[in-house]
Amino acid sequence: MNPVNYLYLAALLFTIGAAGVLIRRNAIVLFMCVELMLNASNLALVTFSRLHGNLDGQIMAFFTMVVAAAEVVVGLAIIVSIFRTRHSASVDDSNLMKL
Amino acid sequence: MNSLIPLLIAAPLAGAALLLLGGRRLDRSGHWIGVLAAAVSFAFGLVLFFQMLGRPVSQRAVDVKLFSWISVGGFQANAAFQLDQLSIVFVLLITGVGSLIHVYSVGYMAHDERRRRFFGYLNLFLAAMLLLVLADNYLLLYVGWEGVGLASYLLIGFWQHKVSAATAAKKAFIVNRVGDVGLSIAIMLMFTQFGSFTFSQVFAAAPQESRGGLTAIGLLLLLAACGKSAQVPLQSWLGDAMEGPTPVSALIHAATMVTAGVYLITRSNAIFDLAPDARLAVVCVGAVTLLYGAIVGCAKDDIKKALAGSTMSQIGYMVLAAGLGPIGYVFAIMHLVTHGFFKAGLFLGAGSVMHGMNDEVNMRYYGGLRKHLPITFATFGLGYLAIIGFPGLSGYFSKDRIIEAAFAEGGTEGWILGLTALVGAAVTAFYMTRIMLMTFFGERRWQPDGKGELPHPHEAPRVMTLPMIVLAVGSVLAGGLFTINDAFVNWLTPVTGHSEGNSPLSSGTVTLITIVCMVAGIGVSYLVYGRSAVPVNPPVGSALTRAARRDLLQDDINHALLVRPGSALTAALVYFDVKGLDGVVNGVSATIGGLSSRVRRVQNGYVRSYALSMFGGTLVLVATTLLMRSV
């Protein structure tokens with residue numbers, strides 16, 4: 001099977017994730033979309049690794065997964081905390097950071 | 001014994017320092033320290049005078065270099081003194097009259113709680129004035145010139161709790177500054193033209209200088225003299241200066257400081273002799289001022305202001321004489337000295353009258369005082385006879401010679417100046433008789449004071465009358481003594497030079513006409529103020545009288561010509577500053593502020609819009625990178 005197809009899939013997943021981040025309001029969904037974008041880029045990295053015949057891309061992907069795991073911990077904690085105080089998970093309600 | 005010359009200045013300077021820095025523990029004895037300092041200085045002056053008298057004529061002038069003051073490259077200024085026949089006359093006048101007025105002030109200021117400071121200022125004035133007349137170069141003279149200006153300012157505003165006194169002091173200072181600028185520019189010109197400002201070097205180099213340069217220096221010196229001597233057009237401060245205590249008016253604004261301008265012109269005779277155009281300006285100023293002051297003196301009801309007008313007029317005579325050149329220098333100084341005696345005496349008399357009349361200065365509220373103040377009446381009367389030029393008294397000798405000298409100028413100019421001086425003499429007799437009649441004769445027009453009590457005029461204490469008597473004796477005798485064997489003329493000729501000129505009228509004729517003018521002035525004055533009662537409220541009077549009461553509109557003219565354009569200029573500059581400079585700065589900041597408050601709307605707080613902009617930015621970056629790579 002042609003490995004380039006994986007790249008198309010990765011682009012599709014990334015686009016879905018980006019569109020979700022821009023369009024959706026629920027913080028959890030937003031978060032999942034971000035993860036989707038990260039995994040899309042992981043897929044692309046692994047595919048490049050395969051195409052070039054070395055392990056650089058795979059090592060990058062491991063890094064991404066570790067960072068994403070850490071990010072999930074912090075991000076979910078923030079979301080829970082916001083939900084507790086505001087009783088809402090909508091990111092549009094958290095709009096105080098403006099003049 | 002030349003070391004006495006610096007001590008002459010040091011004595012009053014030390015007195016001033018002691019009194020002004022000594023603090024309250026000198027409050028009770030301070031005035032006698034002031035008197036002592038003045039008297040010591042006078043004693044030194046007498047010693048120096050007799051020493052000078054003992055030397056042959058060619059060796060009378062002496063120079064003393066105290067120390068090198070400023071030395072920068074070619075610029076050498078020494079603190080050096082020159083005592084010659086002209087300086088010693090001034091030294092004796094300043095310290096002599098000064099000592100008398102110090103003694104008088106002991107009585108006059110007896111009840112003033114700031115008396116110690118008053119004497120400190122008086123001593124400071126003496127020191128500065130002596131420095132002025134003893135300096136051997138223009139720069140040191142300038143120091144004294146500014147010093148007397150400062151002392152004058154401090155003393156006019158001595159009763160600074162009165163707004164009028166504070167304002168008058170400021171006015172005198174500012175008007176004097178205008179003249180001072182003339183002197184400072186003249187000194188700079190001398191330095192650029194002659195490379196020096198010592199009298200001897202400047203006068204030696206003057207003949208090689210172009211006529212234009214000399215005229216410029218002469219006119220600038222005249223400007224300086226106008227400021228200090230209250231000559232038209234810088235005359236406006238003298239009348240207001242009468243706000244100061246009366247001894248100050250007598251010493252500074254009658255006898256000594258205001259004559260500094262005459263000294264300056266006479267001292268610079270080498271320059272003025274070579275600059276006939278500048279001399280013409282000097283005589284014009286003198287002639288205009290002698291009439292101006294006389295007219296103002298006729299209309300004033302305030303006894304001190306009437307005397308101030310008279311001072312202005314008499315200094316006009318001196319300036320006129322000084323402007324005549326070698327014909328007149330000697331007589332200018334002679335009139336200056338006799339005027340120092342009789343005008344100081346008149347002012348002290350006025351002070352004595354005010355002392356007896358609860359500080360009332362309006363002559364319309366006087367009248368019939370000759371019985372109550374006999375000594376004042378006698379001394380004032382002698383001063384009066386001296387100033388109007390009554391034959392045999394000092395004013396007769398000095399003023400008569402000035403009128404003769406004016407005629408001796410020759411040609412049309414001589415006639416104009418001579419006739420002006422004659423008219424001035426008549427007007428002098430008129431206003432002085434008016435003062436005399438309104439104050440000492442007629443019925444009492446005394447007004448009750450604030451508590452509803454009529455004044456109880458009483459003769460001043462002896463400490464005040466004694467100086468008045470001495471000055472009265474001086475005003476009687478000085479002129480006659482000076483004229484014996486032409487003593488005064490011969491004394492000053494080595495410094496100023498002297499020539500007789502060629503008068504179209506004989507000396508006897510001029511004297512006769514002068515006496516006729518004087519008698520006419522007295523007669524008219526008697527008709528107006530002697531025969532009929534003087535109204536307590538001033539009559540409306542003619543347009544000239546009304547103008548003269550307001551000092552011939554000097555303040556209005558100054559206001560229209562100088563103050564209003566000056567205010568308009570500052571207003572225009574402020575407008576330019578606010579609208580122009582501030583406008584540009586404020587405009588730039590307002591534009592940036594407005595722009596940024598619009599740009600601020602982008603920060604709307606919605607996460608998705610931030611995400612979108614990040615996304616867009618990334619896209620742009622990627623697109624640009626790809627584009628660059630393909631190119």
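Computed from a predicted model, the values in this text were never measured in an experiment. Labels below follow one simple rule: chain letters A, B, ... track the order of the sequence lines, proteins then strands, and each chain is numbered from 1.
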Colleague: Rounded to the nearest 0.5 Å, how far apart are CZ of B/R608 and CG of A/D92?
Modeller: 4.0 Å
Colleague: Considering residues, nucleotides and ligands other than B/R550, do more than 12 of their heavy atoms fall under 6.0 Å from its CZ?
Modeller: no
Colleague: Where do B/A611 and A/V21 come nearest, in terms of heavy atoms and distance?
Modeller: CB-CG1, 4.2 Å
Colleague: Show the atom names and distances, to 0.1 Å, of all donor-acceptor pairs under 3.5 Å that link a side chain in residues 582-592 of chain B to residues at least two apart or in another chain.
Modeller:
from, atom 1, to, atom 2, distance (Å)
B/N586, ND2, B/D582, O, 3.3
B/S589, OG, B/N586, O, 3.0
B/T591, OG1, B/G587, O, 2.6

Colleague: Under 6.0 Å from the CZ atom of B/F75, do we count more than 12 heavy atoms belonging to anything else shown?
Modeller: yes
Colleague: Any residues in residues 66-85 of chain A near chain B, with a heavy-atom distance under 4.5 Å, and which are they?
Modeller: none
Colleague: Check the surroundings of atom CZ in B/F173: do more than 12 heavy atoms from other residues, nucleotides or ligands lie under 6.0 Å from it?
Modeller: yes
Colleague: Return yes when atom OH of B/Y153 has more than 12 non-hydrogen atoms of other residues, nucleotides or ligands closer than 6.0 Å, and no otherwise.
Modeller: no
Colleague: Check each atom of A/R24 against the heavy atoms of chain B and say whether the ones under 4.5 Å are side chain, backbone, both or neither.
Modeller: neither
Colleague: Enter the distance from B/Y606:OH to A/D93:CG here, rounded to the nearest 0.5 Å.
Modeller: 8.5 Å
Colleague: Taking every non-hydrogen pair under 4.5 Å, which of A/L22, A/I23, A/V91 racks up the most with chain B?
Modeller: A/L22
Colleague: List the atom pairs, donor and acceptor, that lie under 3.5 Å between side-chain atoms in residues 39-47 of chain A and the rest of the protein, sequence neighbours left out.
Modeller:
from, atom 1, to, atom 2, distance (Å)
A/N39, ND2, A/E35, O, 3.3
A/S41, OG, A/M37, O, 3.3
A/S41, OG, A/L38, O, 2.5
A/N42, OD1, A/T64, OG1, 3.3
A/T47, OG1, A/L43, O, 2.6

Colleague: Only counting residues at least two apart or in another chain, list the ones meeting salt bridge (charged side-chain N to carboxylate O under 4.0 Å, His left out) with A/R50.
Modeller: none
Colleague: Would you say that more than 12 heavy atoms from the other residues, nucleotides or ligands in this model lie under 6.0 Å from the NZ of B/K579, or not?
Modeller: no
